[in-house]
Amino acid sequence: MVKTMSIRGLGAPPDDPEKAAGEEAARQHRLRALGITAQPDREFDEIAHGLARALGTPHAMVNVFLDQTQVFIGLHTPSMQHSLVLHDTARMSRIMSRDKGFCPLTVRRRVPLAIKNVFGVPLFASNDVVDRFQVQTYLGAPLIDHTGTALGTTCVVGNEPRDWQQSHVELIKSTARDVLDLMYQRRQR
């Protein structure tokens, strides 16, 4: 079993506005260089679908940070009813504010994040994503390209607390490498 995180164990680096601005500029430059846009992508959707199936979760995402948003270029949801903006309905959106969800913390930490029970982490107590989708568990890994730039994440969420195993963490990390490999291959074409 993987050690899951409490608020003290999240290990996010303290905010350094100058460093954050530099990382953001590098991220946007890399995403443009790789040709990544806010458009949904069938191949990344297939990766998300395979990840959800392999980990037995209702939601899986391939997420990049474009401009001031999180964009799910790959998405698997139970209904696969995708919208392009966050609505008031309980439908997973392709675009979400960066102050929502768990992926921004995963990107800041630059290491996988496994949360057994989201309700036990005060940081997420008033998070719209938790409330709207009844998210109770999260597992994500950052997409760190060969330049060292964190571009986004691969992640899954579920509706019941879950003990994440080391094999689950290895799978999410492997999937992140697969996503990056696909990005590089496309750029070379």
If I compare all heavy atoms of [X] with all of [Y], which pair ends up nearest, and what's the gap?
{"X": "Ala38", "Y": "Leu66", "result": "N-CD1, 3.5 Å"}
{"X": "Gly120", "Y": "Pro122", "result": "O-CD, 3.5 Å"}
{"X": "Val157", "Y": "Val135", "result": "CB-CG1, 3.9 Å"}
{"X": "Ile73", "Y": "Ile36", "result": "CD1-CG2, 4.3 Å"}
{"X": "Ala48", "Y": "Ala60", "result": "O-CB, 3.2 Å"}
{"X": "Gly148", "Y": "Arg110", "result": "O-NH2, 2.5 Å"}

Heavy-atom donor-acceptor pair, [X] side chain to [Y] backbone, under 3.5 Å:
{"X": "Arg94", "Y": "Gln39", "result": "no"}
{"X": "Trp164", "Y": "Tyr138", "result": "yes"}
{"X": "Asp45", "Y": "Leu75", "result": "yes"}
{"X": "Arg30", "Y": "Ala33", "result": "no"}
{"X": "Thr57", "Y": "Gly158", "result": "no"}
{"X": "Thr149", "Y": "Leu151", "result": "no"}
{"X": "Asp145", "Y": "Thr147", "result": "yes"}

- Asn159 and Gln134: side chain donor to acceptor below 3.5 Å: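 No donor-acceptor contact under 3.5 Å links the two side chains.
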- Query: Can you say whether the rings of Phe102 and Phe124 are parallel (under 30°), tilted (30 to 60°) or perpendicular (over 60°)?
  - Reply: perpendicular
How long is the span from the [atom1] atom in [X] to the [atom2] atom in [Y], to the nearest 0.5 Å?
{"X": "Gln68", "Y": "Asp99", "atom1": "CD", "atom2": "CG", "result": "10.5 Å"}
{"X": "Asp67", "Y": "Ile95", "atom1": "CG", "atom2": "CD1", "result": "10.0 Å"}
{"X": "Gln185", "Y": "Met183", "atom1": "CD", "atom2": "CE", "result": "12.0 Å"}
{"X": "Leu113", "Y": "Thr153", "atom1": "CG", "atom2": "OG1", "result": "10.0 Å"}
{"X": "Arg162", "Y": "Leu139", "atom1": "CZ", "atom2": "CG", "result": "8.0 Å"}
{"X": "Leu171", "Y": "Lys173", "atom1": "CG", "atom2": "NZ", "result": "11.5 Å"}

Is [Y] close to [X] at the side-chain level, that is, under 4.5 Å between some pair of heavy atoms?
{"X": "Asp41", "Y": "Arg186", "result": "yes"}
{"X": "Leu182", "Y": "Ile47", "result": "yes"}
{"X": "Pro142", "Y": "Thr106", "result": "yes"}
{"X": "Gln70", "Y": "Val107", "result": "no"}
{"X": "Pro78", "Y": "His59", "result": "yes"}

Is it possible for you to say whether [X] and [Y] belong to one hydrophobic cluster, with membership spreading through side-chain heavy-atom contacts below 4.5 Å?
{"X": "Ile144", "Y": "Val179", "result": "no"}
{"X": "Phe65", "Y": "Phe44", "result": "no"}
{"X": "Val111", "Y": "Val169", "result": "no"}

- Glu24 and Arg98 ion-paired at < 4.0 Å: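 Salt bridge flag = yes for Arg98 with Glu24.
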- Item | SB check Glu46 Arg42 (cutoff 4.0 Å) |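 Answer for the salt bridge query: yes.
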